[in-house]
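Have a look at the structure below, then the notes.
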Amino acid sequence: VKVGLLELSAKAQADATVGGLWVEVDLLGLQTGAQPPMRTATLSKGDGKRPLDFALESELAVPAGSAAERALSVALASTVEEDADVYFLLHASAKTGGQARPPR
């Protein structure tokens, strides 16, 4: 899994309440319970002159015979496209008093 560049909209860039940003990845729920979940580092939104680079490159182990392997096999064999959806969730922490409040 790779998560790279993100270019914020002008509205998001101008929003003074937005502090840090990070992305969590949901791969068919395969990493449910994983500690920590698959996520990028938290980045400051910067000055908007260049895209944010989350630079995440990660692998998820899928042991043979595991529930994760069965779920992946079902998703890949399905004729319903949504059964194999991967979700990238963009999160933002709020700034309080000029400082970014860290994610919980």
Is the side chain of Ser78 donor-acceptor paired with the backbone N or O of Val74 at a distance under 3.5 Å, no angle test?
no
Mind checking side chain to side chain donor-acceptor pair (under 3.5 Å) for Ser66 and listing every partner two or more places apart, or none if nothing turns up?
none
Can you list every pair that meets ring-ring contact (aromatic ring centres under 6.0 Å, His included) and has a residue in residues 60-91, with sequence neighbours left out?
Trp22-His91
Is there a path from Val86 to Val1 through hydrophobic residues (I, L, V, M, F, W, Y) whose side chains come within less than 4.5 Å of each other?
yes
For residues 53-64, which side-chain N or O atoms pair as donor and acceptor with protein atoms under 3.5 Å away, sequence neighbours left out?
unit_1: Asp53; atom_1: OD1; unit_2: Ala55; atom_2: N; d: 3.0

What one should report as the nearest heavy-atom pair of Ala84 and Ala75 is CB-O, 4.0 Å
Donor-acceptor under 3.5 Å (Arg70 side chain, Gly65 main chain)
yes
Is Ser93 reaching over with its side chain to a backbone N or O of Gly20, donor-acceptor style, under 3.5 angstrom?
yes
Who are the side chain to side chain donor-acceptor pair (under 3.5 Å) partners of Thr79, not counting sequence neighbours?
none
Is there a path of hydrophobic side-chain contacts, each under 4.5 Å between heavy atoms of I, L, V, M, F, W or Y residues, that connects Met38 with Leu90?
yes
Please list, chain by chain and in numerical order, all residues satisfying side chain to side chain contact (heavy atoms under 4.5 Å, CB included) with Ala92, sequence neighbours excluded.
Val18, Leu21
Mind listing the side-chain donor-acceptor pairs of residues 3-13 below 3.5 Å, one per line with the distance, residues two or more places apart or on another chain?
unit_1: Ser9; atom_1: OG; unit_2: Ala12; atom_2: N; d: 3.1
unit_1: Gln13; atom_1: NE2; unit_2: Gly46; atom_2: O; d: 2.9

Mind checking the CZ-CG spacing from Arg39 to Asp26? Nearest 0.5 Å is all I need.
14.5 Å
